[in-house]
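These numbers come from the heavy atoms of this one structure, side chains and all, not from hydrogens, waters or symmetry mates. Counting begins at 1 with the first residue of the sequence. Remember, it's 1-based here, ligands and their atoms both numbered in the order they're listed.
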Amino acid sequence: MSAKPSFNPRDTALDVLFAVLVGGRSLDAALAEYVPADADSRDAGFCRAIAYGVLRHHRRLGAIRDRLLHKSLRSRDQDMALLVEIGLQQLVAMDVPAHAAVSETVAVARGRGKHWAARLINALLRRFQRERDACLALVDAAPSVRTSVPDWLLTQLRHDWPDAWDSLLEAQNTRAPMTLRVNRRRQSVAGYQQRLAEAGLPARTLDGFPDALVLEQPIAVSLLPGFEDGDCSVQDGAAQLAVELLSPAAGDRVLDACAAPGGKAAHALERSDAALLALDVDEARLQRVTGTLQRLGLAAECRVADAAATDEWWDGRPFERILLDAPCSGTGVIRRHPDIKWLRRADDPPRLQANQRRLLDALWPLLARGGRLVYCTCSILAAENEAVIAAFMQDAPDAQAVDPALPVGQRVGYGQQILTGDAGVDGFYYACLEKR
Ligand SMILES: C[S@@+](CC[C@H](N)C(=O)[O-])C[C@H]1O[C@@H](n2cnc3c(N)ncnc32)[C@H](O)[C@@H]1O
C-alpha cells in the first residue's frame, strides 16, 4: 500500500470543513490547524479555495447532493456528505478538469477506508455531470438555496433591505479584493503605489479613501514591499473610514474600546500623535494589537479589560475621542469569512444588540464635552446598527448625531450604512455622536 501523501488539498479541505460545519470552529482557526505551514503554496491555495467555495455555497451544494441521492447519508457519515460538496464545488465553480475533480475526490473517500462512499460519490458526481443544467435549475428556484443563506438571515435581510437583499447576497458570495492601507507616516500613497508597480504588483487607488490601495491580485503579505517594516497594512476600505470620522488631533486622549486586532487603532496613530488607550476583553487578541503596533513603529497603552466595566480601568479623565467598534454578527464581512453564515444563529442579533447598548451606555459618560464617539460595526443588520443608535439617542439628551457624510453607503436615520460590495468595500455601519 502506498504511503498517504502528507498534504492532500482535498483531504485537508474536508478536515477544515468538518471542523467548521460540524465542530463549530472558525474557518481561520481550522485552516491554521490543518494546513501545514510548510505546505506547497499552490496546494495550500487550492485547499483554501475549496474550503471558501464550499462555505460560500454550502446550502446549494447540499441541495444538489440531496437531489441526486436516493436516500440521505447517516449522521455518522457527515464527512462523506461534505466530501460530495467538495466534489460538486469543483465541478460547478472551479477551474479543475472534471475527470480530476471526480477521481481525486473519490480517492479521498477510499483513502479514509470508506469504499462504499467512494463508489457512491463516483456515481453521484458522474450523474451530476450528465444532469447538471436541469439539476441547477431545480435547486436555484429557491433564493435561499441559490444564494446559500440560512433562512433566518434571509428573512432578516429581506426585512432590512427589501430592494437590495438579492444583490447583497450575491455580493456576499463574491471574493473580496485585497486592500492595503498605506502608512502615510512612512511614505505617500502614490510613492507606495509606485513601489508596488515596480515589484510587479499593480494596485489602484479608491476614490474617497485617502490611504487605500486595492491590489489587482491578492498575494501573501510577506511579498508586499516593506510590510515587515510597517510600510503598509491589509485593511478593507470600509474599515479605513473609522479614522476619517474619529479625526483625532495631536495630544487628544483617544479610547479604542474594542481594539483587537488593532487595525483601526494603528490607523489612528498613523494619522496623529494622539494618546491612545486600546482595550480588549480577549487577552490573546490584545497581543495582536501589540504586535501590529510594534511592526508599524507606533505606541499605545494596551489593556485587557471589559470596556463596559469602567470602574476597573478608567482613571477618571475624559476622552476627546472614543471609538466603539462593537462586537457584532460580522454579516458585512461574510465574503471574507463565509463560515459566519453557518456559525451565527437567529438569536445572535438580539443578544449582540443588548451588549452593544451596554457598551455604549457605559462609555458615553467617559466622553469629554465637545468630544466625539464613533460607533461602528461590520454588520448589515439594522438591529445591531440603527436600532442601537436610535434607542440610545432617545435616552441621551446630551448626544447629538453628526452626518457621517462618508464617500460610500446610504444615510439611515442617525448613521450611515454601507452594504457589502458598495464601491467594492465590506459592509459596515457608522454613527458619529458628539456630546453637547
Ligand atoms: C470588531 S472587533 C474589533 C476590531 C478592531 N477595532 C480593529 O479594527 O482591528 C471587536 C473586538 O471587541 C472585543 N470585545 C468584545 N467584547 C468586549 C468588551 N466587553 N470589552 C472590550 N472588548 C470587547 C473582541 O474581543 C474583539 O476583539
Checklist entry - At what distance is the nearest protein heavy atom to atom 20 (N) of ligand 1, and which residue and atom is it? => result A307 N, 2.9 Å
Checklist entry - Side chain, backbone, both or neither: which part of A265 has a heavy atom under 4.0 Å from ligand 1? => result neither
Checklist entry - Does any N/O atom on R285 come nearer than 3.5 Å to any N/O atom on ligand 1? => result yes
Item to check | N/O separation below 3.5 Å, D325 to ligand 1 | outcome: yes
Checklist entry - Without hydrogens or angle criteria, can the side chains of E198 and Q194 be said to hold a donor-acceptor pair below 3.5 Å? => result yes
Next on the checklist: Check contact between P261 and ligand 1, using heavy atoms of the residue and a distance below 4.0 angstrom.
Outcome noted: yes
Checklist entry - Any donor and acceptor pair, going by atom type alone, linking the side chain of D280 with main-chain N or O of D282 inside 3.5 Å? => result yes
Next on the checklist: Using 30° and 60° as the class boundaries, would you call the ring planes of W364 and F392 parallel, tilted or perpendicular?
Outcome noted: perpendicular
Item to check | Salt bridge flag under 4.0 Å for residues D252 and R372 | outcome: no
Next on the checklist: Can you confirm whether the side chains of Q90 and T105 place a donor and an acceptor under 3.5 Å from each other?
Outcome noted: yes
Item to check | Any donor-acceptor pair under 3.5 Å from D426 side chain to A239 backbone | outcome: no
Next on the checklist: Any nitrogen or oxygen of G263 lying under 3.5 Å from a nitrogen or oxygen in ligand 1? Just yes or no.
Outcome noted: yes
Checklist entry - Should D231 and N183 count as side-chain neighbours, where that means a heavy-atom distance under 4.5 Å? => result no
Checklist entry - For N355 and ligand 1, does the shortest N/O to N/O distance drop below 3.5 Å? => result no
Checklist entry - Should you measure from each heavy atom of A305, which atoms of ligand 1 turn up under 4.0 Å away? => result 20 (N), 21 (C)
Item to check | Between S148 and R60: side-chain donor-acceptor atoms closer than 3.5 Å | outcome: no
Checklist entry - Do the numbers put R295 on top of the ring of F227, so that NZ or CZ is under 6.0 Å from the six-membered ring centre and no more than 45° off the axis? => result yes
Next on the checklist: Between ligand 1 and C258, is the shortest N or O to N or O distance under 3.5 Å?
Outcome noted: yes
Checklist entry - What part of A308 sits under 4.0 Å from ligand 1 if we count only heavy atoms: the side chain, the backbone, both or neither? => result neither
Checklist outcome for this item: Tightest non-hydrogen contact, residues L343 and V20, listed as CD2-O, 3.6 Å
Checklist outcome for this item: Within 4.0 Å of some non-hydrogen atom of A257, the atoms of ligand 1 are 21 (C), 22 (N)
Checklist outcome for this item: Short version for R358: what comes under 4.0 Å of ligand 1, heavy atoms counted, is side chain
Checklist outcome for this item: Near D306 (heavy-atom distance under 4.0 Å), the atoms of ligand 1 are 18 (C), 19 (N), 20 (N)
Item to check | Proximal ligand 1 atoms for D282, defined as those under 4.0 Å from one of its heavy atoms | outcome: 25 (O)
Checklist entry - Does a donor on one side chain sit under 3.5 Å from an acceptor on the other, for Q417 and E386? => result no
Checklist entry - Does any N/O atom on G262 come nearer than 3.5 Å to any N/O atom on ligand 1? => result yes
Checklist outcome for this item: Nearest heavy atom to atom 5 (C) of ligand 1, choosing from A266, C378, A260, belongs to A260
Checklist entry - Among protein heavy atoms, which sits nearest to atom 13 (C) of ligand 1, and what does the distance come to when rounded to 0.1 Å? => result D280 OD2, 3.2 Å
Checklist entry - For atom 14 (N) of ligand 1, what's the nearest protein heavy atom and its distance? => result V281 CG1, 3.7 Å
Checklist entry - Heavy-atom contacts under 4.0 Å between K264 and ligand 1: side chain, backbone, both, or neither? => result both
Item to check | Nearest-neighbour protein heavy atom for atom 15 (C) of ligand 1, which is reported as residue plus atom name and distance | outcome: P327 CG, 3.4 Å
Checklist entry - Going by atom types alone, do S329 and D348 pair a side-chain donor with an acceptor below 3.5 Å? => result no
